[in-house]
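Because only heavy atoms are used, hydrogens play no part in the values below, and waters and symmetry mates are left out as well, while side chains stay in. Just so you know, ligand 1 is whichever comes first in the structure, and atom 1 is the first atom listed for that ligand.
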Amino acid sequence: MKVYATMKPAPGLLERLQSACEVSYWEGEGPTPHEVLLRDAAEAEATVGHYHWTADLMDKLPKLRLIANVGVGVDHVDVPAATARGIIVTNTPDVLTDTTADLAFALLMSVARRVTEADRFIRAGRWVPGGANATFLGRDVHHGTLGIVGLGRIGSAVAERGALGFKMKVLYYDVVRREDLEQRFGYRFVDLDTLLAESDFVSLHMPSLPSTYHMIGAAELAKMKPTAILINAGRGALVDEKALIAALKEGRIAGAGVDVFEQEPANPDNPLFKMENVVATPHIGSATAATRYAMAQLAVENVVSFALGKGPLTPFNPEVLTHLKRQRQES
Ligand code: DGY
């Protein structure tokens, strides 16, 4: 089976792919240019990497049967279009859960304890006798109330950090109730309005879907405490960024930690980057060497398993597999 990788596979993973497939890959910087992809992936039945897959692009590569996405979120892949074309999409759940939860918590702590602001202060040489006030009074994280919007894998991992490590009271809102976790960790299931009104920290972990687009806008921000901090290490589309900027400017919430943006890469002129009470990172939730390797490895294993006829390990649209199986049985 021919495979095209939109990024150079890490050492060990190229050999693993080659053990079952004929592999070509993009070696340049940044995303594979379209014309290169159309030329070099023309015969590919599978592709691996993190790429923006549109219906139009799928139509131009008619041999494609598998898109092995390196990442758990697949919002940059038109999954309904892939499903309609019988293309399996796989993602990389689980392997990045704790790493991404660590980053969400790092943002929470950095904003609460003004870490990056204090770092800028000291680097600017402003910590001098009689100089500007260097007390940097922040907010306690321990024993605070943590509101988790989306108690899936990553949301749960953030909640556990809060409940077990920082003795926080955890509220959560989701479309699915997790009574098992409520009993185990004492979480309280509430509606979104209650969560926004009662939390000291609100951390967003919903997937990006039409139904979650701008789920935090002006009205929701207005329901938060003026002392509250918003953390978004989920997806940029969850938050109406203009409304967030306005709420921060007007002091309607106390701060924000943001790893994901409505536009990525974010515009350097984004007003969030000029605010002292904002900690911003460039979508690095899963960015540790070990986790990025584990994600690429899982994506590669999806391809290898598919090439060996065993079916992918973590399909995102398993209905394609069911359909293919039925077709095989009928023929
Ligand atoms: C994911 O896996 O979805 C992370 O956000 C990295 O893209």
_One pair to check against salt bridge (Lys or Arg N to Asp or Glu O under 4.0 Å): Lys242 and Asp240. What are the steps and the verdict?_
CA-CA 6 Å; Lys242 282 203 178 85; Asp240 177 348; over 6 Å; no
*So which residues, sorted by chain and number, lie with a heavy atom under 4.0 Å of ligand 1?*
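Ligand 1 pocket, heavy atoms under 4.0 Å: His50, Gly71, Val72, Gly73, Leu96, Arg235, His283, Ser286, Met295.
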*Quick check: are there more than 12 heavy atoms from other residues, nucleotides or ligands sitting under 6.0 Å from CZ of Arg184?*
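Not more than 12 within 6.0 Å, no.
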*For Met295 and Gly71, which heavy atoms make the closest approach, and how far apart are they?*
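Nearest pair, atom of Met295 first, then Gly71: CE-CA, 3.6 Å.
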*Taking the six-membered ring for Trp, are Phe273 and Phe261 parallel (under 30°), tilted (30 to 60°) or perpendicular (over 60°)?*
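Taking Phe261 first and then Phe273, their aromatic rings stand perpendicular (interplane angle over 60°).
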*Between the side chains of His76 and Glu264, does any donor sit under 3.5 Å from an acceptor?*
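No, no side-chain donor-acceptor contact under 3.5 Å.
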*Mind checking whether Leu244 and Ile253 have side chains closer than 4.5 Å, heavy atoms only?*
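They are in side-chain contact.
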